[in-house]
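What follows is a short report on a single structure.
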Amino acid sequence: MKVIIQPDTAMASRLAAEMVADQVIGKPTSVLGLATGSTPAELYRLLIEKHRRGLVDFNRITTFNPDEFIGIPHDHPASYHACMRKALFEQLELAERRCHIPDGVARDLMGMIEQYERAIERTGGIDLQILGIGGDGHLAANDPGSSLASRMRLVPITMAKRGYLAKAFGGHENIPRQAVTLGLVNFLETHRCLVLAFGESKADAVARMIEGPVTALVPASVLQQHPDVTVILDEPAASRLQLADYYREAWLGPYLGTRP
Ligand code: PGA
């Protein structure tokens, strides 16, 4: 993993935006894996700015999101369909057919899962997968306990998550019971991963992802087995890394440095 520590979230997001922009400029038909959550919000805002200023042409990209709630209509404000449309797709003026999100209201969920994985495969695979990491080490909806060999599947929405979802869904009784998510192996199959983590609340998970053992207790630790991962952190998120000095030394410039 290449670990890049930036002084703050704004600088970390700017570096991430440059990396995504370079990917799209270098390959205008890039396939991007997108994450939801608050972590990539500033990155997405910066990409929209690049689009508006005509610096990057996103017209021909294809996107895949990793997860969605089951049984929640696409226009529900808490659905990832609605969130992504609002936060990115509409503002980048992407054609709908280029933006893929798992269909959580599909009648045949197993068929949908099969087709989704096949659709990724048909593109030649995800060129750059953007990921956030949960405070417990989860990746997309792969919670602790997820098999390191997992593929796309239905997963339960556990008690731990129900607390913070209650508000978005207007009460506990409305929280969906399941989500669908790409699995950990799907992320290993991507060509390149860009993991972002900001803030002290992510510091423990970040240290375990990068330096801990590869374990189902920390699903993100599976990324140690991916040959091309860049992790961009702000200082608080990097605060529990034992080898922070080594990463600082190993990274020589805008993600051109040697790779630990
Ligand atoms: P966050 O979520 O970006 O909202 O912190 C990260 C995640 O759950 O993957």
Side-chain angles (χ1 to χ4, degrees), residues 1 6 8-10 12-13 15-17 20 32-47 63-70 72 77-84 86-88 101-102 104 126 128-146 150 152-153 155-169 175-176 178-184 186-188 190 193-210 216-223 226 229-240:
M1 283 188 184
Q6 292 286 287
D8 57 37
T9 305
S13 296
L15 183 60
V20 176
L32 302 183
L34 302 175
T36 40
S38 57
T39 304
E42 175 63 5
L43 161 63
Y44 293 161
R45 199 192 63 73
L46 292 166
L47 295 180
T63 71
F64 287 92
N65 268 72
D67 52 354
E68 180 57 290
F69 297 109
I70 295 298
I72 300 300
S79 75
Y80 291 151
H81 275 79
C83 295
M84 288 305 300
K86 196 168 151 211
L88 193 67
I101 300 185
I126 292 174
L128 181 61
Q129 173 69 51
I130 297 161
L131 286 165
I133 171 179
D136 61 358
H138 70 240
L139 277 190
N142 294 276
D143 286 339
S146 294
S150 55
M152 191 175 184
R153 69 204 187 286
V155 291
I157 294 178
T158 52
M159 293 309 287
K161 281 198 174 156
R162 300 184 75 78
Y164 77 79
L165 288 174
K167 197 170 156 214
F169 285 99
I175 300 172
Q178 286 182 307
V180 59
T181 185
L182 288 180
L184 298 174
N186 297 104
F187 295 133
L188 291 181
T190 62
C193 286
L194 169 59
V195 186
L196 304 178
F198 307 139
E200 164 73 23
S201 66
K202 301 289 173 75
D204 187 50
V206 162
R208 296 175 77 194
M209 166 179 73
I210 297 170
L217 285 172
V218 186
S221 65
V222 79
L223 295 176
H226 190 297
V229 177
T230 300
V231 184
I232 302 183
L233 306 169
D234 64 4
E235 285 287 352
S239 59
R240 306 230 176 109

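Numbering of ligands and ligand atoms starts at 1, following listing order.
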The atoms of ligand 1 lying under 4.0 Å from a heavy atom of Lys202, numbered in the order shown, are 1 (P), 5 (O), 6 (C)
Close side-chain approach of Met84 and Thr63, heavy atoms under 4.5 Å: no
I'd like to know if the side chain of Glu68 and the backbone of His81 have a donor-acceptor N/O pair within less than 3.5 Å. yes
Nearest neighbour in protein (non-hydrogen) for atom 6 (C) of ligand 1: Ile133 O, 3.7 Å
Gly37: numbered ligand 1 atoms lying under 4.0 Å from its heavy atoms: 3 (O), 4 (O)
With a heavy-atom distance limit of 4.0 Å, tell me whether Leu139 approaches ligand 1 through its side chain, its backbone, both, or neither. neither
Regarding Thr190 and His226, is there a side-chain donor-to-acceptor distance under 3.5 Å anywhere? yes
For Ser150, the option from Val155, Thr181, Leu182, Leu184 that meets side chain to side chain contact (heavy atoms under 4.5 Å, CB included): Leu184
Can a side-chain donor-acceptor contact be found between Arg153 and Asn142 if the only test is distance below 3.5 angstrom? yes
Only heavy atoms of Ser38, strictly under 4.0 Å: list the atoms of ligand 1 that pass. 1 (P), 3 (O), 4 (O), 5 (O)
How far is atom 7 (C) of ligand 1 from its nearest protein heavy atom, and which residue and atom name does that atom have? His138 NE2, 3.3 Å
Asp143 side chain vs His138 backbone, donor-acceptor pair below 3.5 Å: no
Does the N or O separation between Thr39 and ligand 1 drop below 3.5 Å for any pair? yes
